[in-house]
Each structure stands twice: as structure tokens, then as C-alpha cells.
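The block underneath contains the structure these notes are about, expressed in C-alpha cells.
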Amino acid sequence: MKNKYLTIILGIILLSGCEDYLDTYPEGETITEDQKKESVEANPSLLSADVAAMNAIMIARMGINANDHSDFGYAASCMSSDCGGADMTCANIGYNWFSGSSGYDNRVYTNRNTIFIWNFFYKHIAAANLLLNNVPEDAEDAELKAYRGMALAVRAFDYMNLAQRLQFTYVGHENDPCVPIVTEKTTSDEAMNNPRASVSAVYELIMNDLDEAINLLRGYQRQDKGYVNQGVAFGLRARANLLTGKYAEAAADADSALVRTGATPYTLEEVSVPTFWNANDRTVMWANIITDVNDIVTSSIINMPSHLCSFFTGGYVGVGAWKKINKPLFDRIPSTDIRKQWWLNENGESSLCAGSSYDAWRATASNDGDFGAYTNVKFGADNNDLVKLTPAQDWFLMRAEEMIFIRAEGLAMSGRVAEGVSVLEDFVRNNRNSAYRCTATAPDAVRDEIWFQRRVELWGEGFALLDIMRLKKPVTRIENGVTSFPAAWQFNIPAEDPIMLYRVPKAEIEANDGISENDNNKAENPPTPTPV
């Protein structure tokens, strides 16, 4: 007999407490759903709180797991993904809250990280569904249409994240089980008996949501980059098209995303100092806007900088959990490429860290455990202030450089190889390495070169393992006997090995009659280390 308790999967009702202001009049008289929608149509701003609540989930402190210092919103899911790849290393110590991702022992279906990944994205879906449930589908008001468009785009974003973690990439796995679909129209009874939908069904929902979002967001002017606009929706559809092998469409959508957001890449000068902290930078298309008063900031250590920004020595990096680049990737970066300076070299040096303020930081950091070669200095301190050290850096969800890579890959893989190469070369030459030339000429070779550029440019931003799975590549941490990973995590994983997949949490199986133990991804043992 199933244990019938409500889980996060009941998206359309889980956040029902957020709509209390619509459930009653001030006198306490209950109103109907139709009356709710009439109220919203008369005053669309009533839903602004629901939009804010949806955005706030992205930066919630321990929003899923109590006492989990790796639970600080979407950025935490990105770090979990990157630590499971081949390019981000860290010491194997108790202060490294992402060690389970590095060692792959977090694929147990009762593991806190598995629970976090599942519940975080479904909680966000629930917030989007609540908003959709309160906006009439035929709304004519521009503000209401924008709210609906934002909710649809957010839901598509969440399902893309779940799909990439619970199943392998679309091409070749279209009919494999993915995740349950919950929309604003799903009833509680349906949610309690909700099988894993196929990969193709999940992506059909994603594409339908994004198609509608793009239409609804036409002309919408957002108040800041924490909100989705039409350009961001195009960018999300560019990702979805890339994942489903629709390369020409991916290239076109990436171009539209750049045009409609006006985003352009960081210049060589701008990335010649530690940066990637300010959503106001013109490269940023969408971001989690973080301020000094957010819970993740006032917590001091339950935030992205504590785990990733080497300059925030008051966090976990300051007690030895420095995030570093794996040496084989570092060695492949040409010395003429400014991005090689985003990490300290074998002598602990980088041109990004010059000057007296950085000398003082280095003196402090050098006394704090595992610090030195290959430590990242990509992510700058908030406001570049190395004295105050407030962990309030914005987290980038989408930036121009990613769209340029999608456009280049889409062109190359849709028969326009020379154009794809030109897009790639123009970006790298003008913004990162003036000596760069792409020597690849075949589509697959060009795509591999773009993947290398993504590994370097987007390091630490949550794309590493997802790209490996999308491209059906192995996780290669040891190359020619060289690695920077600790001995316990020195292993390579074959392409599409089942251990890469997250599992449906045990609690969901117990609550959802539509998913049995046999319907879950197979339980796998973590890889066996082969220390070099």
C-alpha cells in the first residue's frame, strides 16, 4: 500500500498559501475561482507578489533541506552539476559540501542532493503553475500576458533542467522515461498517480510553453534582469532546440535572443580582472539578482561565493574547499588566451590578481588550507571589494557568450560550417585571444571545438556535466596519466553510463502510484577510483 502523503510533485496546490489574498474578501467571504480571475483582470498587479515569489525560490536559503549548506537555490544545482563533470576539482574534505557530486555517491535516491534537485525544480514549477492558474488563458491585458509568458518560460526552464538530470539527451532517448508532468491543470488525484512521461513528451511541453511565452512576452519591458523577457524566452528555446538536435532553429533562436536582449559579450579588457558578479553587465541576459539583505547573503556561508568565489575567504573556500580547474583542461588553454588567467598557474600566479589589494588577499588565502595551483579567480568579489567581502554576487542564468556558442554550433551542424566557424572565430579573436584560429572543418570537429570553448568560457556556471550528456561524451578526468582530482575521485566514466543519471527520490515513489521501484533509473555503484 502506498503512503499517501503530499509531496512537492503536487505543484498546483503546494503553494496555495501564497494566494490567500485572493481566496477571501476583507470581510472573510469566500470567493470563487471565476471571481479570483475577475479580480486579477481588474487589477493585474495583484499577481506581482506571485511573480516575486517565483523568482525568490531561485535564491532561497535551505529552501528544500534543513541544515544543508549546499542548498542555496539554482546556483547550488549548477555547482552540483559541474562537480560531477571533468573540469572542476576540489579537496576531498568535510568542508566540501559538493563531494557527493564529485564522487557520484549522491545518486542514492535518499541522498540530500537527489532530494534537492528533484524538489527544487518541482517547487519552482509549482510556483509557475500557481501563477498560470490565476491568469486567464485569454487575458488581453499586457501585464497579465507578460506574467503568463514568464511563468511558461520558467516552467520550461525547470523541465529542461529535470530532463537533463533524470534522463540522457533527447536524440536516441526520445521514448525513454523522463519525469512526471505537472501543469496548472493537473488535479491532485492525477498527481498522485502520475507516471514518468517520455523524454519526447516532456520536450513537447517545453517547446509548447516556450512558443507561447515568446508570443506573450512580445513588447514586455522588464524591471530588471531577474525577470524573463522575450529575449530570454528565445534563449531558452535555443537551448531546447540544441538539445533536440534542431540545429538551424537553435542558431536562429540564439540570434533572436541576442538581438532582443541587446546583450554583447564581455570584452578582453573586462575579463582581464576578476568579474562575473554584476547582472548589470551588458553580457548578462538573465540572472538571479542578489542583494545584501537576501537570506543566502546574511547566512554568510550558505551561498555561491562561499563555495565558488576564491576571494570570499570567510566562506568554505577559506577553509580549504577551493574550486579549481582540472590540469588537463588548463594545459589545453593557449597562453595567448586571457582565460588561462582565470585560474592560478602552477606557481600560484595570474595576471588578474595584480596589485596591493590582491597581495593582501593572497597572504590571507595562502594560510587557509588547500590553496595554490589551478585555483579559480574567475568569479570576482562583490563590487570588487576585497576588504568588505560581502557574498552578494549575482548569479548569471544566461549570457551572450552562451548564445554565440549555440549560434555557432547550430550553424555548423545544419550544413553551414564556414558560417559557424566564422561566428566562433569572431568571438574568440575579438574578446579572448587575438591569435585564435579554428582549424576544424568537419561539422563534428567544429562542434568539439565549440565544446572546448564552452568548457573554458562557461566553467563554473553549471553547463559542464549537462554538455557531456548532451554530446554523449565520457567524463574524462584523467588524461595521459594527468589529473588534479583527489585520489578518491580519480576515475573516468564512459559515455552515457547510467551512474550519470539522478534517480527519482524514494519519497516520490512512496507518494506517487504512477512510479514504482522498477520505474526508477537503475541504482548504480559509484565509479571505482584508479589513482594515478
Side-chain angles (χ1 to χ4, degrees), residues 15 17-21 45-79 97 116 119-121 123-124 126-128 130-131 147 150-151 154 157 221-229 232 274-319 321 361 379-399 460-462:
L15 294 181
C18 296
E19 60 176 343
D20 286 347
Y21 67 93
S45 62
L46 286 172
L47 293 183
S48 61
D50 283 4
V51 177
M54 183 173 67
N55 292 344
I57 289 171
M58 296 277 270
I59 56 171
R61 176 177 64 88
M62 295 190 295
I64 304 300
N65 298 321
N67 301 315
D68 182 357
H69 289 201
S70 61
D71 180 351
F72 45 86
Y74 179 69
S77 75
C78 293
M79 288 194 61
W97 280 79
F116 168 76
N119 285 6
F120 171 78
F121 287 111
K123 184 175 183 178
H124 206 211
L130 174 65
L131 189 54
Y147 287 160
M150 282 187 274
V154 161
F157 166 81
Q221 300 296 316
R222 58 185 173 178
Q223 61 190 70
D224 60 47
K225 292 180 182 178
Y227 291 79
V228 174
N229 66 2
V232 171
T275 187
F276 299 96
W277 57 267
N278 188 355
N280 289 325
D281 292 345
R282 67 178 179 276
T283 186
V284 181
M285 303 167 68
W286 186 29
N288 294 150
I289 308 296
I290 299 169
T291 69
D292 293 2
V293 300
N294 289 127
D295 285 350
I296 54 173
V297 177
T298 58
S299 74
S300 295
I301 56 174
I302 310 174
N303 50 55
M304 178 279 289
S306 175
H307 297 270
L308 185 59
C309 175
S310 299
F311 302 104
F312 185 60
T313 49
Y316 282 113
V317 295
V319 288
W361 162 76
F379 298 94
D382 192 44
N383 293 310
N384 286 325
D385 188 339
L386 293 174
V387 177
K388 187 178 180 182
L389 287 177
T390 302
Q393 290 93 315
D394 297 327
W395 184 251
F396 300 174
L397 303 172
M398 184 184 293
R399 58 186 176 100
E461 297 180 51

Could you walk me through whether Ile57 and Tyr74 pass side-chain contact (heavy atoms from CB on, under 4.5 Å), step by step?
-> CA-CA 8 Å; Ile57 289 171; Tyr74 179 69; over 6 Å; no

Euclidean distance, [Y] [atom2] relative to [X] [atom1], rounded to 0.5 Å:
X      : Y      : atom1 : atom2 : value
Asn303 : Asp295 : CG    : CG    : 11.0 Å
Met54  : Leu47  : CE    : CG    : 10.5 Å
Gln221 : Asn229 : CD    : CG    : 8.0 Å

Backbone N or O of [Y] within a donor-acceptor pair of the [X] side chain at under 3.5 Å?
X      : Y      : value
Asp394 : Ile290 : yes
Lys388 : Asn383 : no
Asn294 : Thr291 : yes
Gln393 : Phe276 : no

What heavy-atom pair brings [X] and [Y] nearest, and what distance separates the two atoms?
X      : Y      : value
Leu389 : Phe311 : CD2-O, 3.2 Å
Ala128 : Ala151 : CB-O, 3.5 Å
Ser306 : Ser300 : CB-O, 4.3 Å
His307 : Ile301 : NE2-O, 3.8 Å
Asp281 : Thr275 : OD2-OG1, 3.9 Å
Lys225 : Val284 : NZ-O, 3.0 Å

Out of Val297, Thr298, Ile302, Asp68, which residue meets the side-chain contact (heavy atoms from CB on, under 4.5 Å) rule with Arg61?
->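 Option passing the side-chain contact (heavy atoms from CB on, under 4.5 Å) with Arg61: Ile302.
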
side-chain contact (heavy atoms from CB on, under 4.5 Å) with Met398: of Val232, Thr283, Val228, only one passes, and it is Val232

Angle class for the His69/Tyr316 ring planes (parallel below 30°, perpendicular above 60°, tilted otherwise)?
->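 His69 vs Tyr316 ring planes: tilted.
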
Quick check: do [X] and [Y] have side-chain heavy atoms less than 4.5 Å from each other?
X      : Y      : answer
Phe72  : Met79  : yes
Ser310 : Trp361 : yes
Asp385 : Thr390 : no
Cys78  : Trp395 : yes

Can you check side-chain contact (heavy atoms from CB on, under 4.5 Å) on Glu461 and Phe379, steps first, answer last?
-> CA-CA 10 Å; Glu461 297 180 51; Phe379 298 94; 4.2 Å; yes

Take Trp97 and Asp71 through the side-chain contact (heavy atoms from CB on, under 4.5 Å) test and state the conclusion after the steps.
-> CA-CA 10 Å; Trp97 280 79; Asp71 180 351; over 6 Å; no

For Asp224, look at atom CG and say whether over 12 heavy atoms of other residues, nucleotides or ligands are found less than 6.0 Å away.
-> yes

Please walk me through it: do Phe116 and Met62 pass side-chain contact (heavy atoms from CB on, under 4.5 Å)?
-> CA-CA 9 Å; Phe116 168 76; Met62 295 190 295; over 6 Å; no

